[in-house]
Amino acid sequence: EDQVTQSPEALRLQEGESSSLNCSYTVSGLRGLFWYRQDPGKGPEFLFTLYSAGEEKEKERLKATLTKKESFLHITAPKPEDSATYLCAVQAGGSNYKLTFGKGTLLTVNP
Amino acid sequence: DGGITQSPKYLFRKEGQNVTLSCEQNLNHDAMYWYRQDPGQGLRLIYYSQIVNDFQKGDIAEGYSVSREKKESFPLTVTSAQKNPTAFYLCASSSSWANEQFFGPGTRLTVL
């Protein structure tokens, strides 16, 4: 059974204080790993797709990396507007459709 | 603008009633999905559809039904058989099975 574990559950940072969120996964043949951002009461917003170990992608203050067992979402010099829940999901090679989601990390950035 | 719309944003239901949640997309995506989100849990797949007039059960399909008569539309009916329907419901679509899924704004259903 595919599993995704995100840590920490919640993270509080000061504006400008860089940190990382972790997504550990167990999947039978990774087809893709996805990061989403979700604001309260809204649908998830797509951020990145990573396909193979060693791959990295960046968008503004966010950088996602992937190893064979986990992915990190690095946040550099965060701003209060980066506050949100960040979701990680994996797609297995044989599934063709299914995303397995973690429970998310609630990030709060204080000014 | 291309995107996914869901309606209504909030929905209240009395016990024993069936309700239908709307999902429309103009992204020309073939695949559409319904997820349920509960506090402290990851998103869970209810139903998905790869093409018109075809759909499959996800992990938690009991008490739900769907139809896919048009490529753009994938409505979800929450029946009275669903024991705990209060939740945030999310519709998504994707252009192919290997690509990312894009989500709508969600419908919050509350059973009174």
Side-chain angles (χ1 to χ4, degrees), chain A residues 1-10 21-27 29-52 55 57 59 64 66 71 84-106, chain B residues 2-10 21 23-25 27 29-51 54-61 74 87-110:
Chain A
E1 182 179 336
D2 302 334
Q3 288 190 336
V4 177
T5 303
Q6 292 189 245
S7 61
E9 291 185 7
L21 313 182
N22 177 263
C23 172
S24 297
Y25 64 89
T26 304
V27 65
L30 180 70
R31 193 167 193 173
L33 184 141
F34 306 86
W35 281 99
Y36 289 86
R37 168 193 170 126
Q38 186 175 25
D39 292 306
K42 298 188 177 181
E45 173 191 349
F46 170 75
L47 293 173
F48 305 108
T49 305
L50 301 168
Y51 292 107
S52 58
E55 189 175 0
K57 289 193 176 174
K59 179 180 180 180
L66 181 65
S71 176
T85 295
Y86 290 85
L87 303 175
C88 173
V90 296
Q91 187 176 59
S95 70
N96 279 342
Y97 64 91
K98 182 178 178 180
L99 293 185
T100 300
F101 281 85
K103 296 180 180 181
T105 293
L106 174 61
Chain B
I4 303 173
T5 58
Q6 292 185 240
S7 62
K9 184 173 181 178
Y10 300 97
L21 283 58
C23 177
E24 303 276 334
Q25 55 98 1
L27 300 169
H29 285 171
D30 291 313
M32 297 186 74
Y33 315 80
W34 274 105
Y35 290 88
R36 170 180 173 143
Q37 187 174 35
D38 296 283
Q41 294 197 38
L43 276 69
R44 293 181 290 168
L45 183 65
I46 304 172
Y47 268 97
Y48 68 101
S49 169
Q50 296 175 259
I51 56 173
D54 185 58
F55 49 83
Q56 285 79 41
K57 294 181 179 180
D59 297 324
I60 56 166
F74 191 39
F88 190 48
Y89 291 87
L90 290 159
C91 177
S93 69
S94 67
S95 60
S96 75
W97 296 105
N99 290 350
E100 57 274 1
Q101 297 178 14
F102 295 93
F103 285 83
T107 292
R108 185 165 300 279
L109 172 64
T110 302

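Quick note on labels: first sequence line is chain A, next is B, and so on, each numbered from 1. Only heavy atoms go into these numbers, but all of them, side chains included; no hydrogens, no water, no symmetry mates. All figures in this text were calculated on a predicted structure; none of them were measured in a lab.
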Exercise for the section: Decide if atom NZ of A:K57 counts as having more than 12 heavy atoms of other residues, nucleotides or ligands within a radius under 6.0 Å. Expected result: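 Count over threshold, so yes.
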Exercise for the section: Measure the shortest side-chain to side-chain distance between B:Y48 and A:K98 over non-hydrogen atoms and say whether it is less than 4.5 angstrom. Expected result: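 They are not in contact (no side-chain heavy atoms under 4.5 Å apart), so the answer is no.
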Problem - pair B:Y33-A:L99: side-chain heavy atoms closer than 4.5 Å - result: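 The answer is no; the side chains never approach within 4.5 Å.
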What's the shortest heavy-atom distance between [X] and [Y], and which atoms?
X	Y	answer
A:Q38	B:F88	NE2-CE2, 4.0 Å
A:Y36	B:Q101	OH-O, 2.6 Å
B:L43	A:P44	CD2-CG, 4.4 Å

Problem - Atom group of A:F48 that falls short of 4.5 Å from chain B, counting heavy atoms - result: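 Neither; nothing under 4.5 Å.
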Practice task
Examine whether an atom of A:L87 lies under 4.5 Å from a heavy atom of chain B, and if so say whether it belongs to the side chain, the backbone or both; otherwise answer neither.
Solution key: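 Side chain of A:L87 only, per the 4.5 Å heavy-atom cut-off to chain B.
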Practice task
Select, from B:G104, B:G42, B:A92, the one with the greatest count of heavy-atom pairs under 4.5 Å involving chain A.
Solution key: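 Most pairs with chain A among the choices: B:G42.
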